[in-house]
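Whatever order the structure lists them in is the order used to number ligands and atoms, beginning at 1. Note that the coordinates shown come from a computational prediction; the quantities given were computed from them, not determined experimentally.
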Amino acid sequence: MPHQLRLIRNDVAPAPTFQTGWVPTVRILKMEPKYFQAFIESLDKFGRVYAPVRRNGVLTWDTPERFEEIVLGGEHTMIPVKKLFHPMRFDMFRFDDSGFTPDYSSSEKRVIVGVPPCEIHSLLRLDEVFMERPVDPYYAQQRRDSAIIGYSCLPGENCFCRSTGTDIVEEGFDLFFVNLGEFYLVWVGSSLGHDMVLVHEDFFDDSVSHDDIKKYIAWRKKRDGMFKKSFDFRSMPDLMELSYESPIWEGFAERCLSCGQCTMVCPTCNCYNVVDVLDISSATSGRRERHWDSCMFVDYSLVAGGHNFRGARAERLKLWYTHKLRAYASEYGKPACIGCGRCVEACPVDINVLTVAEALVTMEVPAR
Ligand code: SF4
Ligand code: SF4
């Protein structure tokens, strides 16, 4: 309701929840669609703009060459936005006899446009992993350097974020645009977002009416009715615990190719490996490289001496699903799955959160 919409002045705003500076209470504005393009184009003042764009036929997070390239509000990128914060590969530092020099060159001031609610939740999950003790300085730097411009979406064929409680987001963005067709509602979630609004204050309208709120509620209701996939997440932690020795894991393992695609596309997967690469001319200088790893790979748990703690595919599958459906929820009270449906699309043999959830209930591996 309009009288509940409060303007939070920067000097009295509650303390930020992270170094990134989100505030849990927000200002809500309106914008007419005719201003949207000019506003997005003005954001390059705050950093290099990234958005979902098509490259070689694949939707990906990249720098758009022009506004028309940006794809907003529906289809998700193949690789999630995590790649901008937890890069697939980068150099951590150079070393030699005298010590090491950190390399933060992969970080830059950025404005990431079009982040859907579930992916904002995925970044908040990654914050819990990388920004608590010990803080990962590389991730923290990318986070500090990045502004998040969220954008509402309508569920795709495989989305089930309503089941994981990640279809709506209340923090973790600087601005969030809800596209209601005839106008946008714009949530301002940080002082940086407020600064962005000030650049083009004339594009925004402070007076959100009762009718506008009704339109937003109707949009939410319509969107809720569009989900085609769901599962009962609340029952998963118990079922995972009870089914740890179930034959369903062997059934899934017979199919699994250990390709790791499920982990690569998952917005909350964060495993990595580090490798020291020596300079050709020296045995004591070089660089430390960090790259994505996957707990689905056979050598993921291989240790010195040749012992492999999870040499069997069934063990690796159990590890992943325990993490997604039970362990993370026990630690943080929410699932590590944000319901994006990417594993549904990526796995070539139909092993994903939905088929595993079904098997945990029926005790049978669903047919392909
Ligand atoms: S487990 Fe699957 S649906 Fe859940 S966040 Fe990861 S890729 Fe998305
Ligand atoms: S579950 Fe599917 S995507 Fe994941 S490693 Fe096995 S075959 Fe690959």
Side-chain angles (χ1 to χ4, degrees), residues 59 75-83 85-86 115-129 153 155-167 169 172 227-234 236-237 240 248-271 292-301 310-329 332 334-360 365-368:
L59 198 64
E75 189 185 351
H76 57 223
T77 55
M78 184 176 78
I79 299 295
V81 74
K82 77 172 176 184
K83 77 168 192 177
F85 299 89
H86 172 45
V115 189
C118 66
E119 292 215 57
I120 293 175
H121 278 281
S122 78
L123 294 177
L124 295 172
R125 303 290 195 275
L126 293 179
D127 289 346
E128 283 159 349
V129 174
C153 55
E157 193 66 25
N158 295 308
C159 295
F160 50 95
C161 52
R162 266 203 99 203
S163 305
T164 49
T166 49
D167 55 326
V169 70
F227 284 93
K228 294 183 182 156
K229 296 214 161 75
S230 66
F231 78 120
D232 179 12
F233 170 73
R234 284 167 311 163
M236 287 300 123
M240 279 298 301
I248 64 165
W249 299 111
E250 281 302 334
F252 280 121
E254 281 170 21
R255 284 189 201 170
C256 177
L257 307 169
S258 297
C259 63
Q261 287 193 64
C262 47
T263 59
M264 302 300 159
V265 300
C266 181
T268 63
C269 275
N270 52 71
C271 292
W292 285 3
D293 200 353
S294 169
C295 60
M296 290 297 186
F297 291 159
V298 67
D299 57 359
Y300 180 79
S301 298
R310 293 189 187 85
R313 281 194 300 265
E315 293 303 316
R316 300 198 292 278
L317 283 164
K318 274 197 267 191
L319 172 75
W320 202 67
Y321 283 99
T322 298
H323 178 75
K324 294 291 165 205
L325 300 176
R326 186 176 70 77
Y328 197 89
Y332 295 105
K334 48 201 165 189
C337 172
I338 50 102
C340 69
R342 284 184 175 86
C343 56
V344 177
E345 289 148 23
C347 178
V349 292
D350 288 345
I351 304 172
N352 56 63
V353 167
L354 295 178
T355 52
V356 168
E358 183 183 339
L360 287 170
V365 174
R368 292 181 58 199

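- Against a heavy-atom cut-off of under 4.0 Å, Ile338 is close to the following atoms of ligand 1: 4 (Fe), 5 (S).
- The protein heavy atom nearest to atom 1 (S) of ligand 1 is Val353 CG2, 3.3 Å.
- By heavy-atom distance, the residue among Cys295, Ser294, Cys256, Ala253 lying nearest atom 6 (Fe) of ligand 2 is Cys256.
- Glu119 has a carboxylate O that lies under 4.0 Å from a charged side-chain N of Arg342, or vice versa, which qualifies the two as a salt bridge.
- Cys340 SG, 2.3 Å is the protein heavy atom nearest to atom 8 (Fe) of ligand 1.
- Phe231 and Phe233 have perpendicular rings, their planes meeting at more than 60° on a 0 to 90° scale where under 30° would count as parallel.
- Of the protein's non-hydrogen atoms, the one nearest atom 4 (Fe) of ligand 1 is Cys337 SG, 2.3 Å.
- Looking at Trp320 against ligand 1, only its side chain comes within 4.0 Å, counting heavy atoms.
- Taking all atoms of both residues into account, the shortest heavy-atom contact from Phe227 to Cys159 is CD2-O, 3.6 Å.
- Rounding to the nearest 0.5 angstrom, the gap separating the SG atom in Cys271 from the CG atom in Leu319 is 7.5 Å.
- At a 4.0 Å heavy-atom cut-off, ligand 2 touches Ser258 through the backbone alone.
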Worked check of side chain to side chain donor-acceptor pair (under 3.5 Å) between Ser258 and Arg316: CA-CA 9 Å; Ser258 297; Arg316 300 198 292 278; 2.8 Å; yes
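- Here OH of Tyr321 is found 9.5 Å from CE of Met240. Values are rounded to the nearest 0.5 Å.
- Here the shortest heavy-atom pairing between Phe160 and Asn158 reads CD2-O, 3.3 Å.
- Note on Cys259: counted as a metal contact of atom 8 (Fe) of ligand 2, an N/O/S atom lying under 2.8 Å.
- Note on Lys334 versus Glu128: salt bridge recorded, some NZ/NE/NH1/NH2 to OD/OE distance being below 4.0 Å.
- Listed by number with element, the atoms of ligand 1 under 4.0 angstrom from any heavy atom of Cys343 are 1 (S), 2 (Fe), 3 (S), 7 (S).
- When only modelled atom types and interatomic distance are considered, Lys82 and Thr268 share no side-chain donor-acceptor pair under 3.5 Å.
- Counting only heavy atoms of the protein, atom 3 (S) of ligand 1 lies nearest to Gly341 N, 3.2 Å.
- The protein non-hydrogen atom at the shortest distance from atom 7 (S) of ligand 2 is Leu257 N, 3.2 Å.
- Within ligand 2, counting atoms from 1 as listed, the ones closer than 4.0 Å to a heavy atom of Val349 are 7 (S).
- Near Ile351, the atoms of ligand 2 lying under 4.0 angstrom from a non-hydrogen atom of the residue are 1 (S).
- Atoms of ligand 2 found under 4.0 Å from any heavy atom of Cys347, numbered from 1 in the order shown, are 1 (S), 2 (Fe), 3 (S), 7 (S).
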